[in-house]
Amino acid sequence: MANSPSQSSGSSHPDLTDPHAARRHKLEEIVKRGIDPYGQRFDDRQLVKECRQRGSEVRFVTQAGESLELPDMESPELDYRQWKTDHGPGEEVGPTVRVAGRIMLARPTGKLIFMNLRDWTGDIQIFVGKKQVGEESFELAKLFDLGDLIGIEGRLGRTNTGELTVFAEKLFLLSKMLEVPPEKHAGMTNADLRQRMRYADLAFNDGVMQTFLDRTKIVKSVRSTLDERGFCEVEGPTLHTIPGGAAARPFETHHNALDMGLTMRIALELHLKRLMVGGMERVYEMGRVYRNEGLSPRHNPEFTMIEIYQAYGDYESMMELTERLICEAIDKIGGGYKRQYNGQEVDFTPPFKRATYAELFEKATGIDPADQDAVMELAGRLKIETTGKHPDVVRNEIFEEKVEDSLDGPIFVIDYPASICPLTKRKRDNPEIAERFELFICGMELANAYTELNDPDLQEELFQTQLAGLDDEDSMAKMDHDFVRALRYAMPPAGGLGIGIDRLVMVLTNSKSIRDVILFPILRPE
RNA sequence: GGAAGUGUAGCUCAGUUGGUUAGAGCAUUCGACUUUUAAUCGAAUGGCCCUGGGUUCGAGUCCCAGCACUUCCA
């Protein structure tokens with residue numbers, strides 16, 4: 001990759017057709033002129049977005065001194081050139097602005113240069129005319145390359161085609177780019193390169209910045225929705241002595257001074273529940289968790305989860321909250337409740353659909369999920385390994401295979417078989433059914449919620465059976481005695497909710513891969 | 001872990017049945033141009049065809065192994 005020849009700057013015969021060498025050469029030329037190619041602070045600047053808003057201040061001043069309002073530039077019938085001949089002679093006069101950003105495109109036509117300048121709020125055209133900026137500045141402008149960061153002071157106006165443009169009066173080089181930008185239409189398409197060089201991806205590929213700005217808005221929105229409802233954000237430990245709260249393989253690490261093994265957290269749950277015992281009645285944490293497992297378009301080893309606990313609530317309360325969290329986030333990023341994801345329409349208009357695990361199972365397979373013989377027989381036909389497995393586990397594998405992928409959603413799958421939900425309270429009228437829901441969108445599990453189990457003795461028992469059922473590979477799972485002791489101090493009945501933030505961002509920004517919504521996903525070393 | 005695909009200029013991609021000196025667009029350099037907008041026109045420069053082995057008179061192309069990435073599956 002970009003192994004610039006980095007011709008030692010003094011090299012007497014640089015090959016100027018080599019793009020890297022050409023940039024180095026221009027850098028030297030700039031330095032020779034006594035200009036710092038890495039610039040200085042640039043005060044009083046306006047964002048491109050602000051300049052666009054001030055575009056309405058541009059007026060057409062005739063030679064007679066008459067100040068006319070410009071015609072509607074959006075109008076398709078408008079021939080601005082003609083309009084000017086009809087109303088002229090005269091010229092556009094607008095406010096003076098200072099903008100700074102990256103040169104994305106340049107169209108030199110002899111003694112003038114058009115450039116497209118981009119800051120993180122948008123693009124705006126710059127006009128640099130030799131006569132207008134003077135010989136010296138124009139020579140400097142010719143030393144600018146695509147990708148350079150520059151500052152421009154000039155008046156807002158319109159070109160003959162009506163395009164809002166900053167007519168440069170002063171030019172500032174703020175930082176010279178020594179690497180070569182990607183191809184200007186296709187951009188950088190190699191997924192590996194895009195992630196490895198996220199800076200270039202953000203700077204040059206359309207839509208990338210917007211996705212990550214939307215991510216920030218979604219995260220902020222989730223926090224404010226919860227804060228408004230009296231939830232309290234906390235920060236639990238990321239280094240755990242006992243990995244718990246989920247079934248996943250942890251990353252292991254070591255504390256030198258204590259000479260003690262530690263694992264990175266795989267979930268937030270157990271510490272948040274301890275806080276509920278302590279009296280934090282509405283508590284949440286949004287943060288990174290780490291799972292030492294395979295990669296896929298939906299899995300990165302570190303990802304962002306939010307877990308939310310509400311004392312004296314149950315999974316019904318969490319369903320309503322889930323809808324609020326998602327809908328308010330959509331309100332913040334805009335685009336409406338009917339959205340596109342992977343080419344299909346997803347309608348987030350609340351309330352979301354709800355269906356029980358059993359009815360979805362029966363609809364997809366034609367088999368009563370309670371009929372164990374039929375379930376095992378179907379598993380055989382689907383070539384699902386059944387030996388040594390509990391029928392409920394087998395049934396769940398069928399569910400995952402036959403039902404989950406087809407859940408376009410958003411849909412709450414509710415009331416799971418109790419046997420696959422050890423940390424969940426059972427329904428009062430049916431101990432076989434656990435009060436749990438999962439939210440599915442486009443076949444992807446986005447949220448998971450329970451009416452939390454708060455019976456310490458039952459919790460301990462379930463821990464034991466869970467541990468007994470694990471094979472050697474997973475035997476690093478350990479009984480969390482302190483957690484059970486905490487429950488003995490009495491945890492209120494509560495609803496608990498977990499949402500995969502990365503997946504939520506994927507769905508709301510129409511991103512196919514989790515790696516498109518994580519700034520720096522894990523990569524092999526270069 | 002399994003299957004399929006991809007790897008060629010700084011970037012995006014062609015490259016026929018194995019056949020002479022590996023092509024295009026963008027970018028870069030030089031020339032023309034003061035209202036362009038993927039600016040245009042003319043010219044030039046730019047290659048470890050992922051790596052290693054093999055088949056062949058001859059390999060970017062076929063075979064084997066490896067590496068990396070992508071997609072699907074587990």
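We name chains A, B, ... by the order of the sequence lines, and we start the count at 1 in each one.
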Salt bridge flag under 4.0 Å for residues A:D206 and A:R118: yes
Contact class for A:T159 vs. all strands (heavy atom < 4.0 Å): base, sugar-phosphate, or nothing? base
Look through every strand shown and name the nucleotide pairing with B:G1 as Watson-Crick or G-U wobble, where both distances are under 3.5 Å. B:C73
How far, in whole Å, is B:G31 from B:U35 if one measures between their C1' atoms? 22 Å
On a whole-Å scale, what distance lies between the P atoms belonging to B:C41 and B:C11? 25 Å
Assess whether side-chain hydrogen bond (donor to acceptor under 3.5 Å, both in side chains) is satisfied between A:R107 and A:Q125, documenting all intermediate values. CA-CA 11 Å; A:R107 295 175 291 282; A:Q125 178 167 268; 2.8 Å; yes
Mapping A:K84 and A:P182 onto RNA chain B by nearest heavy atom, which one lands closer to the 5' end? A:P182
For the residue pair A:R98 and A:F172, would you count it as a cation-pi contact if the rule is NZ or CZ under 6.0 angstrom from the ring centre and within 45 degrees of the ring axis? yes
At 4.0 Å (heavy atoms only), tell me whether A:R23 reaches a base, stays on the sugar-phosphate, or touches nothing. nothing
Interatomic distance at C1', B:G18 relative to B:C63, whole Å: 13 Å
By nearest heavy atom, map A:D145 and A:T165 onto RNA chain B; which one lands nearer the 5' end? A:D145
Separation of A:H20 atom NE2 from B:A27 atom C1', in whole Å? 11 Å
Distances under 3.5 Å only, N/O to N/O: pair up the protein atoms with those of nucleotides 39-42 of chain B.
residue : atom : partner : partner atom : Å
B:A39   : OP1  : A:K184  : NZ           : 2.7
B:A39   : OP2  : A:R107  : NH1          : 3.0
B:A39   : N7   : A:P108  : O            : 3.3
B:A39   : N6   : A:P108  : O            : 3.1

Pairwise side-chain contact, A:T62 with A:F60, heavy-atom cut-off 4.5 Å (strictly under): yes
Contacts of type side chain to side chain donor-acceptor pair (under 3.5 Å), residue A:R436, not counting sequence neighbours: A:E438, A:N448
Taking only side-chain N and O atoms of A:T189, does any of them lie within less than 4.0 angstrom of OP1 or OP2 on B:U12? yes
Pairwise P distance, B:G60 and B:C48 [rounded to whole Å]: 14 Å
Is any side-chain N or O of A:E163 under 3.5 Å from a base N or O of B:U36, one able to act as donor and the other as acceptor? no
Please identify each residue that fulfils side chain to side chain donor-acceptor pair (under 3.5 Å) with A:T211, with sequence neighbours left out. none
Given B:U29, is OP1 or OP2 found less than 4.0 Å from the side-chain N or O atoms of A:K26? yes
Once salt bridge (charged side-chain N to carboxylate O under 4.0 Å, His left out) is applied, what residue pairs with a partner in residues 77-87 of chain A remain, sequence neighbours excluded? A:K84-A:E92
Rounded to whole Å, CD of A:E92 lies from C1' of B:U34 at a distance of 15 Å
Taking the basic N atoms (NZ, or NE/NH1/NH2) and the acidic carboxylate oxygens, is any pair closer than 4.0 Å for A:K49 and A:D119? no
Can you tell me the pairing partner of B:G19 across any strand shown, Watson-Crick or G-U wobble, with both distances under 3.5 angstrom? B:C57
Salt bridge (Lys or Arg N to Asp or Glu O under 4.0 Å) partner of A:E302, the single match among A:R515, A:R288, A:R291: A:R288
Using the C1' atom as the reference point in each nucleotide, state the distance between B:U45 and B:C30 in Å, no decimals. 10 Å
Strictly under 3.5 Å: I want the nitrogen or oxygen pairs between protein and nucleotides 48-52 of chain B, one per line.
none

Counting Watson-Crick and G-U wobble pairs only, both distances under 3.5 Å, name the nucleotide matched with B:C33, or none. none
Rounded to whole Å, please give me the gap between CD1 in A:I113 and P in B:U36. 16 Å
Quick one, A:H20 with A:E179, criterion side-chain hydrogen bond (donor to acceptor under 3.5 Å, both in side chains). Give me CA distance, side-chain angles, the key distance, then yes/no. CA-CA 6 Å; A:H20 287 103; A:E179 291 288 344; 3.0 Å; yes
In whole Å, I'd like the distance from the CG atom of A:D18 to the P atom of B:U28. 12 Å
NZ/NE/NH1/NH2 to OD/OE distance under 4.0 Å, A:E139 and A:K142: yes
When the distance from CE of A:M104 to P of B:A27 is rounded to whole Å, what number comes out? 13 Å
Output yes when A:K130 and A:E135 qualify as a salt bridge under the 4.0 Å nitrogen-oxygen rule, no when they do not. yes
Per atom distances to the A:T17 side chain, the nearest of B:U34, B:U36, B:U29 is B:U29
A:K176 with A:D145: basic N within carboxylate O range, under 4.0 Å: yes
Scoring nucleotides 68-74 of chain B by protein non-hydrogen atoms under 4.0 Å (B base, S sugar-phosphate only, - none) yields SSS-S--
A:K142 has an atom NZ; how far is it from atom P of B:U28, in whole Å? 14 Å
Rounding to an integer number of angstrom, what distance separates B:A27 and B:A39 when you compare their C1' atoms? 15 Å
Nucleotide nearest A:P19 when distance is taken to its side chain, options B:C26, B:U34, B:A27: B:A27
Could you tell me how far B:G19 sits from B:U28 if I compare only their P atoms? Round to whole Å. 35 Å
A:D192 side-chain N/O to A:Q195 backbone N/O, donor-acceptor pair under 3.5 Å: no
Specify the separation, in whole Å, of atom NZ of A:K131 and atom P of B:U34. 11 Å
Spacing between A:R249 atom CZ and B:G1 atom C1', to the nearest angstrom: 13 Å
Integer angstrom distance from the P of B:U61 to that of B:U6: 13 Å
